[in-house]
Amino acid sequence: MMARRASTKPRQPEKLNNPFSNMNLDEILSMDQPYIDINIPAMDRRTTAFRAALGKYTTQNQQEISKRRHQYVHDVEGLRAERSRLEQDIQRHRLEEIALAKQLEEERQERKKAEDMVVHSNRQLKSLKDRFGSTEEEAKKSEQALKILKKCKFPNTLRATSHLPQPKKRRSLN
């Protein structure tokens, strides 16, 4: 069974650019020899216009595809160039980082040597200060002993030249 249409009115053909909009199918079928005049020159014009529009549409789409393809190739080349430049920058920065790491290690070693030298110099300085202090004490003791000896030997005279050897006194014959 066929489904019935909701409305029983005959469909009105679309009148927009439809060459068959004025055609009555009942009239044509009632003819002894049905014939439909398709108006060949108008059909040719419409077909030619359709082909031209289709050709124009195809050409435009092919041009758009070609344009997009060229743009894509250009973009890919730009991205490749950018990638290459970035890889070169990365490689250059890696080499700089290695050089800086070497320099940092050298500076650490120089600093360690300098610190070791400072520690060694401080030890030497302390040792020299200790020796100087003990020598200074010995010098003070020697000066005190010398003063005591001078007082004992020469009680009334203080000579400025006491550090020089004194000439022996000669006895006079008188």
Side-chain angles (χ1 to χ4, degrees), residues 1-140:
M1 230 198 240
M2 282 187 116
R4 288 186 151 182
R5 289 190 182 171
S7 99
T8 55
K9 285 185 183 176
R11 279 179 68 191
Q12 294 293 327
E14 296 177 17
K15 299 207 178 208
L16 230 150
N17 268 343
N18 189 349
F20 305 109
S21 62
N22 295 333
M23 187 183 319
N24 188 348
L25 189 57
D26 291 331
E27 282 179 24
I28 294 173
L29 291 176
S30 65
M31 295 177 158
D32 290 336
Q33 283 191 338
Y35 174 76
I36 298 175
D37 184 22
I38 57 172
N39 195 1
I40 292 186
M43 184 63 93
D44 282 344
R45 281 192 312 269
R46 286 187 181 117
T47 304
T48 304
F50 176 75
R51 284 184 182 164
L54 185 62
K56 185 178 176 184
Y57 175 79
T58 304
T59 303
Q60 286 176 342
N61 283 337
Q62 287 174 346
Q63 288 173 348
E64 182 66 24
I65 289 170
S66 177
K67 177 183 166 188
R68 287 182 183 181
R69 182 181 301 129
H70 289 301
Q71 183 64 37
Y72 174 77
V73 168
H74 178 71
D75 291 346
V76 167
E77 287 174 358
L79 290 173
R80 282 185 185 148
E82 179 71 14
R83 179 180 177 187
S84 174
R85 186 187 63 77
L86 288 174
E87 286 176 354
Q88 289 173 352
D89 286 348
I90 289 170
Q91 187 64 26
R92 181 175 48 86
H93 287 298
R94 283 181 183 158
L95 294 175
E96 288 175 1
E97 181 182 8
I98 291 169
L100 288 173
K102 285 181 183 177
Q103 183 181 2
L104 183 63
E105 186 59 33
E106 289 172 1
E107 288 175 359
R108 282 182 186 156
Q109 289 178 0
E110 286 178 20
R111 182 178 176 192
K112 187 175 184 325
K113 285 180 185 177
E115 288 173 351
D116 289 345
M117 287 176 60
V118 166
V119 168
H120 179 69
S121 296
N122 284 339
R123 284 184 195 144
Q124 285 182 334
L125 180 63
K126 185 178 180 196
S127 172
L128 289 174
K129 281 182 179 178
D130 291 344
R131 283 185 12 207
F132 179 72
S134 64
T135 306
E136 202 172 60
E137 282 181 31
E138 287 178 22
K140 283 182 183 178

> Could you give the distance from CD1 (I65) to NE2 (H70), rounded to the nearest 0.5 Å?
Replying inline: 12.0 Å

> Distance from L95 atom CG to I90 atom CD1, nearest 0.5 Å?
Replying inline: 12.0 Å

> CE of M117 to NZ of K113: how many Å apart, nearest 0.5 Å?
Replying inline: 10.0 Å

> Should the pair R92-D89 be classified as a salt bridge under the 4.0 Å nitrogen-to-oxygen rule?
Replying inline: yes

>> Apply side chain to side chain contact (heavy atoms under 4.5 Å, CB included) to residues E115 and R111 and explain how you reach the verdict.
In response: CA-CA 6 Å; E115 288 173 351; R111 182 178 176 192; 3.1 Å; yes

> Are more than 12 heavy atoms from other residues, nucleotides or ligands located less than 6.0 Å from atom CG of L128?
Replying inline: yes

> Is a salt bridge present between E87 and R83, judged by a nitrogen-to-oxygen distance below 4.0 Å?
Replying inline: yes

> Should E137 and K140 be marked as a salt bridge (charged side-chain N to carboxylate O under 4.0 Å, His left out) after you check the CA-CA gap, both sets of side-chain angles, and the distance that decides it?
Replying inline: CA-CA 5 Å; E137 282 181 31; K140 283 182 183 178; over 6 Å; no

>> Quick check for you: to the nearest 0.5 Å, what is the distance between S30 atom OG and L25 atom CG?
In response: 9.5 Å

> Taking 4.0 angstrom as the limit, do E105 and K102 come out as a salt bridge?
Replying inline: no

> Do you know which of Q62, Q60, R68 makes side-chain contact (heavy atoms from CB on, under 4.5 Å) with E64?
Replying inline: R68

> Within the side chain of S127, is there an N or O that forms a donor-acceptor pair under 3.5 Å with the backbone of R123?
Replying inline: no

>> Are there over 12 heavy-atom neighbours, none belonging to R85, within less than 6.0 Å of that residue's CZ?
In response: yes

>> What I'd like to find out is whether the side chain of F132 reaches to under 4.5 Å of the side chain of E136, using heavy atoms alone.
In response: yes

> How long is the gap from OG on S66 to CD on Q63, to the nearest 0.5 Å?
Replying inline: 8.0 Å

> Which distance, rounded to the nearest 0.5 Å, do you find between the CD of E96 and the CG of L100?
Replying inline: 7.0 Å

>> Regarding E97 and R94, does a basic nitrogen lie under 4.0 Å from an acidic carboxylate oxygen?
In response: no

>> Counting only heavy atoms not in H74 (residues, nucleotides, ligands), do more than 12 fall under 6.0 Å from its NE2?
In response: no

